[in-house]
Amino acid sequence: SYTEWFGKAREQVIGAHLSEVLGEAAYRAILPEVERALAGEQVIFERLVPYKSGERFIHVNYIPDFDEINGRVKGFHAFVQDISERKRSEEALRKSEEWLRAIFDASRDGILVEDDELIIYVNKSYTRLFGYDSPEELIGRHVSAVISSEDSERMLE
């Protein structure tokens, strides 16, 4: 995968300086993390990085490689994952949740969402209908807080 991202043969990558492998723009983008790894720190990060084949989101774990004899850092191992698709999915989910929340908030109908019998969301219409000042008064409470005792058992069924 690594050689495909950079459009280089394995032989061109092994032994080459990181800036030659990544290209100057990508190398400059991650230089602070590279320097920390060379100082002996394990570094984990996610970043949008420009590659030859276009921008990619990557997850990187740099693990310093210490010289066994004198304990100095002689380099590092880099474990790189392309997480572009995961990041695109996360962004799509975030936008979808924002859209749904906007619809719920604009609704004149009272809406309550529960998870495992705990209230996780109520819109402002719901709070007005039942005499509460704000949604925060209900979020985190058991659903029985908003159900009459006669209906509680039936609702939980």
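Atoms CZ and CG, on R28 and L31 in that order, are 9.5 Å from each other to the nearest 0.5 Å. Atom CD of E33 and atom CZ of F76 lie 10.5 Å apart (nearest 0.5 Å). Atoms CG and OH, from L18 and Y27 in turn, are 6.0 Å apart once rounded to the nearest 0.5 Å.
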Practice item. Mind running side chain to side chain contact (heavy atoms under 4.5 Å, CB included) on N61 and I63 for me, showing each step along the way? Key: CA-CA 6 Å; N61 184 357; I63 300 176; 3.7 Å; yes

Practice item. Kindly determine whether T127 and V122 satisfy side chain to side chain contact (heavy atoms under 4.5 Å, CB included), including the steps that lead there. Key: CA-CA 7 Å; T127 58; V122 293; 3.9 Å; yes

Point to revise | Steps toward salt bridge (Lys or Arg N to Asp or Glu O under 4.0 Å) verdict (R101, E97) | key: CA-CA 6 Å; R101 184 171 299 274; E97 288 173 345; over 6 Å; no

Practice item. Show your working on side chain to side chain contact (heavy atoms under 4.5 Å, CB included) between I119 and V113 and close with a plain yes or no. Key: CA-CA 6 Å; I119 300 169; V113 179; over 6 Å; no

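Nearest heavy-atom pair, R56 versus S84, reported as atom, atom and distance to 0.1 Å: CA-OG, 3.3 Å. Taking all atoms of both residues into account, the shortest heavy-atom contact from Q12 to A9 is OE1-N, 2.7 Å. Nearest heavy atom pair, residue Q42 against residue I44, reads NE2-CD1, 4.0 Å. Across S125 and S107, no two heavy atoms sit closer than the pair OG-O, 2.7 Å. In this structure, D67 and I69 approach most closely via the heavy-atom pair OD1-N, 2.8 Å. Here the closest heavy-atom approach between residue L38 and residue G75 is recorded as CD2-CA, 4.0 Å.
Judged by distance alone, the side chain of S96 and the main-chain N or O of A92 form no donor-acceptor pair under 3.5 Å. Formation of a donor-acceptor pair under 3.5 Å by the N123 side chain with backbone atoms of D109 is found in this model. Checking side-chain atoms of R47 against main-chain N and O of I58 turns up no donor-acceptor pair under 3.5 Å. E35 contributes no side-chain N or O that, together with a main-chain N or O of P32, makes up a donor-acceptor pair within less than 3.5 Å.
L112 and L118 are members of different hydrophobic clusters when ILVMFWY side chains are connected at heavy-atom separations under 4.5 Å. Put simply, V43 and V73 are part of two different groups of oily side chains (I, L, V, M, F, W, Y) that touch within less than 4.5 Å, one to the next. Tracing side-chain contacts under 4.5 Å through hydrophobic residues (I, L, V, M, F, W, Y), one reaches L138 starting from I147; they form part of the same cluster. L129 and F104 fall into different hydrophobic clusters, defined by Ile, Leu, Val, Met, Phe, Trp and Tyr side-chain heavy atoms under 4.5 Å apart, directly or through other members.
In this structure the side chain of F57 reaches within 4.5 angstrom of the side chain of L48, judged on heavy atoms.
Taking the ring centroids of H59 and F79, they lie at or beyond the 6.0 Å cut-off. Between F45 and Y62, the distance from one ring center to the other falls under 6.0 angstrom.
Look at E90 and R86 and you find a salt bridge, because one of the NZ, NE, NH1 or NH2 atoms lies within 4.0 Å of a carboxylate O, short of that distance. Between E91 and R88 there is no salt bridge, since no side-chain N of the basic residue sits under 4.0 Å from a carboxylate O of the acidic one.
By the 6.0 Å contact criterion, NZ on K124 is open, its count of non-hydrogen atoms from other residues, nucleotides or ligands being 12 or less. Remark: R108 CZ is loosely packed, at most 12 non-hydrogen atoms of other residues, nucleotides or ligands lying under 6.0 Å away.
D115 and Y121 share no donor-acceptor pair across their side chains, judged by distance under 3.5 Å alone.
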